[in-house]
Engineer: 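Structure below; questions to follow.
Hydrogens, waters and symmetry mates play no part in the numbers below; they use all other heavy atoms, side chains included. Remember, it's 1-based here, ligands and their atoms both numbered in the order they're listed. These numbers come from a predicted model, not from an experiment.
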Amino acid sequence: MKAVICEEPGRLAVVERPRPEPAAGEVLVRIRRVGVCGTDFHIFAGKHPFLEYPRVMGHELSGTVEAAPEGSALAPGQPVYVVPYLACGRCAACGKGLTNACQSIRVLGVHCDGGMAEYLCVPERNVVAVEGASLDEAAMIEFLAIGAHGVRRGGVGAQDRVLVVGAGPIGMAATVFARARGADVTVMDTRADRLAFSRAQLDAHRTVMAGDGDAARLTEITAGDGFDVVIDATGNASAMRRGFAFLAHGGRYVLLSVVRDDITFSDPEFHKREATLLASRNALPEDFAEVVRQMRAGRVPTGALATHRGALADAPGLFEAWRAPEAGVIKAILEV
Ligand SMILES: [Zn+2]
Ligand SMILES: [Zn+2]
C-alpha cells in the first residue's frame, strides 16, 4: 500500500509499505480522507516536542471498514471515523473515563504511525460508524470535537457572553459550538480574513481585531462586566496570560491552547472574580457525538471550512504550499 512518511523534518515521501494485519480486537480501516492540521505542520517543520522520525502523520481520519473482528457490530464497507486517541484503559485517568487525558495516551499520527496511508489498523473502540455525514465531514469531526470539548469544559450556556481568542481552526470550532448552545459570541484575532469568516460562516455576533484599542473595545462590548467564558485558542503564551483580564466576575477561562511555557496571573484579580481556570485536552466520545449531531442539524459549515484539498500522493508538494499563511488554509483534506 501507499503511505506518506515524514522521514525527517521538512522531508515527506510517498513510500510503498506492506498492508497492515489487524491484531485481535482491531479493525482494518481503508482510509479515504485525512484532514491536515496544525499538529501535522508542526511535525513537518520539526517543531513537535516529543516525536520520533520517521513518522506517518494523519489523525483526522475517515474511511470504510475493510475487515472487522469477529462479533463486531461494524461491517465491511461501512463508513467510519476514527477517534485517534489510544488510551491505555488501565490508568487512574482512564478509570475516571478521561480517555482524552490518559496518563500514557498515544495519538495516532503523533506518538505512533497514523492514517496518511491506504490502510490502518485501529482498536475497535476507536472506530465509530457514521451516518448522515460525508467522508469529508467525517474527517473533520476530530478537530471540531476539540472545540466542542472546550465549550463543554467551559459550561457554555445560552445566557453566557463568550469571548473566543484565536480564530484558527480550533477557535473556529469553539465558536461553532458556543453558538450552537445559544451563547453570545465575540471572536478576537489578528487576521482580518479569519474574523470575516467567523462572522459570515460561523455566525459570530461580532469580532475584534487584536491590537491597539482591543481592550477598550472588549470592555465596551460587555459594558465593563467582562466575559462569562473566555476560550483561548491562540497557542501564544502572552495572549494566554492576557486573557485573564477579560473575565467577568464568576467567569470561566478555558485554555484550549497548549504552550511550552509558564502561564502566570494576578491572584488578587483572579480571586476578586472567583474565576475558574480550565484546561481542555483532546476530546471525549460524547464530544465526537455532539459534532455529528450538530453536523446533521446543519450547524457546522463544513463546506466553507474545507478550503483546500488534494490527493494523498501529492502530499509532499501540497504541504509546502499549504503551510504558508498566504495560502489561507482553514482545513485541508487529503483524498486517499
Ligand atoms: Zn488535528
Ligand atoms: Zn490510561
Engineer: Between R181 and D160, is the closest basic N to carboxylate O distance under 4.0 Å?
Structural biologist: no
Engineer: To the nearest 10°, what's the angle at the Zn ion (ligand 1) between atoms SG (C37) and OE2 (E60)?
Structural biologist: 100°
Engineer: What's the SG-the Zn ion (ligand 2)-SG angle here (C102, C91), rounded to 10 degrees?
Structural biologist: 110°
Engineer: Assess D40: does it contribute an N, O or S atom lying under 2.8 Å from the Zn ion (ligand 1)?
Structural biologist: no
Engineer: Give me the ring orientation class for Y81 and F288: parallel if the planes are under 30° apart, tilted from 30 to 60°, perpendicular past 60°.
Structural biologist: parallel
Engineer: Quick one: angle C94 SG - the Zn ion (ligand 2) - C88 SG, to the nearest 10°?
Structural biologist: 120°
Engineer: Taking D287 first and then R153, would you say they form a salt bridge - that is, a charged N and a carboxylate O separated by under 4.0 Å?
Structural biologist: no
Engineer: With clusters built from Ile, Leu, Val, Met, Phe, Trp and Tyr whose side-chain heavy atoms come within less than 4.5 Å, directly or transitively, what are the remaining members of the cluster of L247, listed by chain and number?
Structural biologist: L163, V165, M188, V208, L218, I221, F227, V230, M240, F244, F246, Y253, L255, V259, I263, F265, F270, L277
